[in-house]
Amino acid sequence: MITTRDTERILILDFGSQYAQLIARRVREHNVLSQIVRHDLSAQRIAELNPRGLILSGGPSSVYDPGAPRCDPELFQLNLPILGICYGMQIVCQALGGEVKPAKSREFGRAVCRVHRPEGLFAGVPTETVVWMSHGDQVQTVSDEFLPLAETDTCPLAAVQHRHRPVYGLQFHPEVSHTPQGAKILRNFLYDICGCTGTWQIGSFLHDTVEQLRRKIGSHRVICGLSGGVDSSVTAALLVRAIGPQVACIFVDNGLLREGEVESVRRTFEGAFRADLHVVSAGERFLEALRGVTDPQEKRRRIGHVFIEVFEDEKKRIDNVKYLAQGTLYPDVIESGGTVDGPAANIKLHHNVGGLPQKMGLELIEPLRDLFKDEVRRLGLELGLPESLVYRHPFPGPGLAVRCLGEVREERLRVLRQADTILLDELKKSGWYRQTSQAFAVLLPVQSVGVMGDGRTYESVVAIRSVSTEDYMTADWSHLPYDLLAKISTRIINEVKGVNRVVYDISSKPPATIEWE
């Protein structure tokens with residue numbers, strides 16, 4: 001959606017860094033638009049995009065290896081501010097006359113950095129500060145055109161600056177939280193060196209996007225698949241703001257939802273937003289399709305197939321439809337290779353909509369495709385969505401089917417819903433819900449022996465999963481207080497008929513995934 005040439009932006013040339021997304025997020029935290037692009041994007045194309053500056057990311061390669069990823073050498077003639085980070089610094093220095101070799105002492109972890117010139121890039125940074133290193137190679141020599149800015153005990157050229165061009169290099173990673181002054185260093189680059197003013201605001205994004213949507217859609221109608229999650233809800237609310245009754249929101253009740261989900265969606269979109277909401281009750285169709293199925297992938301396949309059928313049936317009731325809206329976010333675009341001028345965009349379709357755009361002959365609208373999750377949440381609040389919805393934990397597209405391990409039956413879903421409701425209720429009452437990123441109950445396909453009163457029981461096991469994460473690509477299990485876990489366990493066993501054991505999942509991602517299926 002971001003197309004205007006005068007948008008203040010920084011381009012991040014991605015050389016395969018595990019931190020590329022994090023760099024982009026950190027830049028946006030300073031209210032400057034960041035966009036990740038191919039590392040080999042031509043200088044001519046970069047000039048056309050009119051960025052305020054470039055950041056060259058880290059990467060796993062060695063710059064002296066044949067076939068190592070490189071940038072267009074002509075970009076150094078554009079007179080754009082450039083900040084090379086780790087591998088990016090090595091690319092910069094090698095291209096401008098320096099030499100990169102394997103380091104005598106590889107550095108992975110925290111190091112003390114001594115700043116020689118506490119000005120410019122290091123303005124306001126203490127002369128001795130902690131930085132995060134992650135490299136096996138380093139710049140051994142630079143041409144006379146470079147000034148050394150900082151060093152560590154094992155890296156004499158921890159930071160450099162070109163004498164005549166606005167080109168800088170950092171061997172350490174300013175984007176990670178382990179570099180305490182990293183935010184200050186990035187801010188100096190963005191504001192003092194690139195001349196950014198911080199115009200990337202959710203309020204201005206909302207205004208501009210609404211205008212773009214109105215121009216694009218005209219008098220046609222748009223279908224928006226509502227899942228009840230944050231991304232689809234913000235997409236729907238944004239379209240209602242832009243085109244009002246021209247958007248039809250389709251919410252499919254597949255019988256695999258959490259407790260009170262349908263009522264919550266009705267209350268928000270029919271009540272507060274007065275949207276054209278189509279609620280389709282199709283629980284029996286989905287459960288029939290899942291009868292006897294235990295394989296997770298087959299569950300997903302069947303749910304997706306039935307969803308498309310139900311969605312198509314409802315679409316026939318709506319006239320003059322030209323567009324389908326989806327809540328694709330920027331990380332989805334990046335992970336699918338759909339960055340600016342990247343490989344053919346194989347965008348990950350919204351988990352509830354599958355292959356609908358192609359199958360139904362509709363054009364796709366993705367108004368959130370330039371936003372990260374935290375930005376989507378801020379946009380949701382700006383649009384007037386309730387905090388309870390904006391900050392809700394993610395919920396998988398196949399719903400409780402992938403949290404009900406084994407065969408999905410109505411009586412097993414009842415047990416799972418009740419357990420999940422108790423878990424979320426206790427997390428909210430204790431203040432832990434907003435301190436965790438995703439929490440849910442899982443019903444296991446096993447039974448265990450127990451004792452209730454004077455009788456022996458042989459009943460179901462519920463697992464509790466709760467994680468903390470910034471990007472959902474890695475996650476740590478939540479260190480919930482023992483007394484809270486005890487309360488959750490006691491309530492589930494006492495209140496949910498058919499459960500006599502509760503266990504807590506303490507696996508991190510990786511090696512485990514967040515969901516069990």
Side-chain angles (χ1 to χ4, degrees), residues 223-229 231-233 236 248-266 277-318 321 324-327 348-362 364 394-421 440-447 460-463 465 498 513-517:
I223 287 177
C224 179
L226 256 181
S227 70
D231 304 339
S232 68
S233 295
C249 301
I250 299 179
F251 179 80
V252 177
D253 180 3
N254 57 13
L256 306 170
L257 304 174
R258 288 171 288 195
E259 195 72 40
E261 193 88 354
V262 177
E263 294 77 7
S264 173
V265 170
R266 283 191 185 277
L277 178 64
H278 299 238
V279 177
V280 185
S281 298
E284 291 183 5
R285 289 178 65 174
F286 282 89
L287 286 177
E288 181 59 32
L290 291 169
R291 186 188 300 274
V293 177
T294 59
D295 179 72
Q297 288 305 103
E298 182 63 15
K299 287 181 185 179
R300 291 176 182 272
R301 190 193 70 78
R302 294 195 181 198
I303 290 169
H305 181 73
V306 176
F307 186 92
I308 289 175
E309 290 180 348
V310 172
F311 207 92
E312 281 190 299
D313 289 345
E314 190 62 27
K315 184 255 182 184
K316 295 173 184 175
R317 304 173 188 270
I318 306 167
V321 177
L324 175 71
Q326 293 187 167
K348 180 172 63 177
L349 296 177
H350 190 276
H351 55 227
N352 267 353
V353 186
L356 282 173
Q358 298 88 341
K359 190 174 180 65
M360 298 171 69
L362 300 176
L364 194 58
F395 188 63
L400 297 179
V402 292
R403 294 177 179 176
C404 185
L405 276 57
E407 186 178 3
V408 180
R409 301 190 304 273
E410 185 57 52
E411 63 271 20
R412 300 192 74 223
L413 289 171
R414 175 192 58 79
V415 170
L416 180 55
R417 275 196 195 93
Q418 291 179 0
D420 193 66
T421 299
F440 53 91
V442 180
L443 183 62
L444 305 186
V446 296
Q447 291 184 308
S460 296
V461 179
V462 167
R465 179 72 157 146
T513 54
I514 295 177
E515 296 286 347
W516 278 48
E517 286 192 342

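Source: prediction; values computed, not measured.
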Worksheet item: Around atom CD of E284, are there more than 12 heavy atoms of other residues, nucleotides or ligands at under 6.0 Å?
Response: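 At most 12 heavy atoms, drawn from other residues, nucleotides or ligands, come within 6.0 Å of this atom.
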Least distance between heavy atoms, [X] atom then [Y] atom:
X	Y	result
C404	K299	O-NZ, 2.8 Å
F395	L256	CZ-O, 3.7 Å
L226	C249	CD1-CB, 3.8 Å
V310	F286	CG2-CE1, 4.3 Å

Within the side chain of [X], is there an N or O that forms a donor-acceptor pair under 3.5 Å with the backbone of [Y]?
X	Y	answer
D420	A441	yes
R465	I514	yes
R412	E407	yes

Worksheet item: Between R266 and F251, is a side chain to side chain contact (heavy atoms under 4.5 Å, CB included) present by the stated rule, with each step listed?
Response: CA-CA 9 Å; R266 283 191 185 277; F251 179 80; over 6 Å; no
Worksheet item: Which of these passes side-chain contact (heavy atoms from CB on, under 4.5 Å) with V408: T294, I303, L413, V402?
Response: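 For V408, the side-chain contact (heavy atoms from CB on, under 4.5 Å) test succeeds with only one of T294, I303, L413, V402, which is L413.
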Fill in: Cationic N near anionic O, under 4.0 Å, R285 to E288
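A salt bridge is absent here (no side-chain N lies under 4.0 Å from a carboxylate O).
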Worksheet item: Is it true that E312 and K315 have a side-chain N and a carboxylate O under 4.0 angstrom from each other?
Response: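 Looking at E312 and K315, the cut-off is not met.
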Discussion item. Can you list everything that forms a side-chain hydrogen bond (donor to acceptor under 3.5 Å, both in side chains) with E263? Sequence neighbours excluded, please.
Written reply: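 In terms of side-chain hydrogen bond (donor to acceptor under 3.5 Å, both in side chains), with neighbours along the sequence ignored, E263 is linked to no residue.
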Item to complete: Please name all residues satisfying side-chain hydrogen bond (donor to acceptor under 3.5 Å, both in side chains) with R414, sequence neighbours left out, ordered by chain then number.
Response: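 Checked R414 against side-chain hydrogen bond (donor to acceptor under 3.5 Å, both in side chains); zero matches.
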Worksheet item: Does the pair S460 and L444 meet the rule for a side chain to side chain contact (heavy atoms under 4.5 Å, CB included), with working shown?
Response: CA-CA 7 Å; S460 296; L444 305 186; over 6 Å; no
Discussion item. Show, in sequence, the C-alpha distance, side-chain angles and deciding distance for Q297 and R301, and conclude whether the side chain to side chain contact (heavy atoms under 4.5 Å, CB included) test is met.
Written reply: CA-CA 6 Å; Q297 288 305 103; R301 190 193 70 78; over 6 Å; no
